[in-house]
> 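Okay, handing you the structure first.
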Amino acid sequence: MPDSPSRYARALAWLDQRLLQRLYTDRMRRLILQSFPFWFASVVVGFVAVGYERLFIWAEQVSFAWLRREPLLAFGLTPLAFLVSWALVQRWAPAARGSGIPQVMAGIELSNPAHHHRTGYLLSLRVACVKVLSSVALLLGGGVIGREGPTIQISAAIFRAINRLQPAGWPQLSRQIALVTGGAAGLAAAFNTPLGGIVFVVEELTQMHMARFRMAVFSAVIVAGLTAQSLLGPYLYLGFPKVNAHAGWFLATVALVAVICGLAGAGFAKVLLWLGSYRKRFTTWGQQASWVLGGGLLLAFLAYAVGQEGVGTGKPIINRLLFANDGQTPWHLFPVRFAGMALSYSSGGAGGVFATSLSAGAVLGDGLCRLGQVPLEDHNLLILVSMVSFLTGVVRSPFTAAILVLEMTDRHSAIFQLLLSGLMAQAVASLVDRHSFYEHLKAGFVRETLAQTAKAPARVENLTA
């Protein structure tokens, strides 16, 4: 009897050991070892994304400040910023230009035994550093760009680097899963939208079966998002706008706005593709520099004429429309933003179209509301609908667009209207072009990577280090 407590303790210890042996199997040990580098990479991505965001905010505020004080400076600073941004990319990392999402898509496609060594051309740490410098330089001069696409490419480059640094005997996940997971972590950290990161992977980045990468993606999104939240707090990208989520006959208005904005987004993508194709006529550095300076001068004219709302990411415009809308936004702001986005993206520097497409959609939606004399209290719903629709028209990811806007605003009452608008925009945009803007660019980056690594292996080896 006296030793019964000790027998009880021994029985508990035996039970604990058996339970631990059942849980901590060889398979579980391997899974933890495989996941640990990705968790570490997710923490790094969280810190980098927050630092990049703060750098972007600083650059945008600087551009607003000099434009308010001395508008004429636009005719000198904007072309100079365009030239510096383009030169950084041309000299150090050609694959750093543009958004970054098509490069990640191309890298995923090339992550196979035959071509995986070529992905460094698209996703090296050098590319990531040039991406940051080029985009910040462009924004300082008033470029109409976003940081979300670049964050995704930077994140994928970090995941690729950490995946390559693992010791030879360390159990590894595939190179493809590393890039997919990096892209999801980047989007989640950039927008504070974990569900958006997951949906974006499924809808845009890969056609692989979800079971292959779900645990890696889910854990990376959580770790990267929590890291960003620990630094910035549990913020919403756009706050809590008041939304009246009407159903019934009002859905016809929602559908009409979605169709118009979806067509506008698809048209914007076609303009960018046409400008990119036209620019290929210029083969010498002098011709290309002239194109870049010309684009900078045109944007300088727009900035001088319109002011700070004609430049930058457009996030302040969205906040004003959702929280302090006086119904007096000038009609010409949408074509100015449209032209500014096209000029900035086609300059050849680094910069994305995610945030700027959302702002263009918001401005267009507000204009449609005033044109249709929609009551002011219903503007916010249609502005959110137009944001989803315009972004869907550009990137053809309706569920990603809807979930992103939903998580940015926490307006769950409007989820069905946002999903409906995404589907409507996808349908009409497909009539303009069956393939998305990113799909067109991805194919070009795949060809470029194969061509560059084939004809100049020594130079590419330097670029992919």
Side-chain angles (χ1 to χ4, degrees), residues 193 195-196 199-200 202-204 238 241-271 314 317-318 321-322 325 327 329 331 333-335 337-338 353-438:
T193 52
L195 292 178
V199 175
F200 175 68
V202 176
E203 194 171 26
E204 187 70 69
L238 294 176
K242 184 179 179 181
V243 171
N244 296 320
H246 294 296
W249 285 105
F250 196 78
L251 288 179
T253 306
V254 169
L256 179 61
V257 170
V259 167
I260 295 172
C261 293
L263 288 173
F268 173 65
K270 294 293 281 186
V271 168
I317 299 173
I318 302 176
L321 292 176
L322 290 175
N325 194 347
T329 301
W331 66 267
L333 186 57
F334 174 72
R337 296 290 303 178
F338 189 104
V353 297
F354 248 72
T356 53
S357 293
L358 291 173
S359 63
V363 173
L364 178 57
D366 180 69
L368 292 173
C369 287
R370 287 187 286 117
L371 184 65
Q373 298 182 342
V374 175
L376 193 60
E377 61 268 21
D378 294 327
H379 278 212
N380 278 0
L381 174 61
L382 294 180
I383 287 172
L384 297 184
V385 163
S386 63
M387 290 164 62
V388 170
S389 304
F390 191 92
L391 181 60
T392 298
V394 178
V395 303
R396 306 300 172 77
S397 301
F399 297 111
T400 299
I403 296 300
L404 281 177
V405 172
L406 176 69
E407 288 189 284
M408 287 176 188
T409 58
D410 198 23
R411 301 294 82 184
H412 293 83
S413 59
I415 184 170
F416 295 112
Q417 289 84 349
L418 298 182
L419 290 170
L420 173 65
S421 62
L423 289 175
M424 294 291 293
Q426 171 77 0
V428 296
S430 298
L431 300 176
V432 178
D433 192 336
R434 290 185 303 165
H435 301 289
S436 75
F437 174 61
Y438 289 151

> Would you say the side chain of L381 lies within less than 4.5 Å of the side chain of H379, judging by non-hydrogen atoms?
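No - every pair of side-chain heavy atoms lies 4.5 Å or more apart.
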> Can you confirm whether more than 12 heavy atoms, excluding those of F334, are under 6.0 Å from its CZ atom?
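Enclosed: over 12 neighbouring heavy atoms sit under 6.0 Å from CZ of F334.
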> Hey, are the side chains of L358 and L404 touching, using non-hydrogen atoms and a 4.5 Å cut-off?
no
> Could you state the interatomic distance from CZ (F250) to CG (L382), rounded to the nearest 0.5 Å?
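CG of L382 is found 4.0 Å from CZ of F250.
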> Under 3.5 Å, which donor-acceptor pairs link side chains of residues 368-375 to any protein atom two or more places apart or in another chain?
residue, atom, partner, partner atom, Å
R370, NE, D366, OD2, 3.2
R370, NH1, T329, O, 3.3
R370, NH2, T329, O, 2.6

> Do you know which two heavy atoms are closest between G262 and A425, and how far apart they sit?
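Between these two residues, the closest heavy atoms are CA-CB, 3.8 Å.
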> May I have the list of side-chain donor-acceptor pairs in residues 416-424 shorter than 3.5 Å, sequence neighbours left out?
residue, atom, partner, partner atom, Å
Q417, NE2, H246, O, 2.6
S421, OG, Q417, O, 3.2
S421, OG, L418, O, 2.7

> Taking the side chain from R396 and the backbone from G393, do they hold a donor-acceptor pair closer than 3.5 Å?
yes
> Tell me, do I317 and R337 make a side-chain contact under 4.5 Å, heavy atoms counted?
yes
> Nearest 0.5 Å, please: how far is CG in N325 from CG in N380?
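N380 atom CG to N325 atom CG measures 7.5 Å (nearest 0.5 Å).
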> Check P398 against T392 and note the closest heavy-atom contact, atom names and distance.
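For P398 versus T392, the nearest heavy atoms are CA-OG1, 3.5 Å.
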> Provide the closest heavy-atom pair for V428 versus L263 in the form atom of the first, atom of the second, distance.
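It is O-CD2, 3.8 Å.
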> If you measure from CG on L384 to CG on L322, what distance do you get to the nearest 0.5 Å?
5.5 Å
> What is the distance from atom CE of M387 to atom OG of S359, rounded to the nearest 0.5 Å?
8.5 Å
> From F268 CZ over to C261 SG, what is the distance, rounded to the nearest 0.5 angstrom?
14.0 Å
> How far does OG of S430 sit from NE2 of H435, to the nearest 0.5 angstrom?
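Answer for the OG-NE2 pair, S430 versus H435, is 10.0 Å.
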> Parallel under 30°, tilted from 30 to 60°, perpendicular over 60°: which one fits the rings of Y438 and F354?
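Answer is parallel, since the angle falls under 30°.
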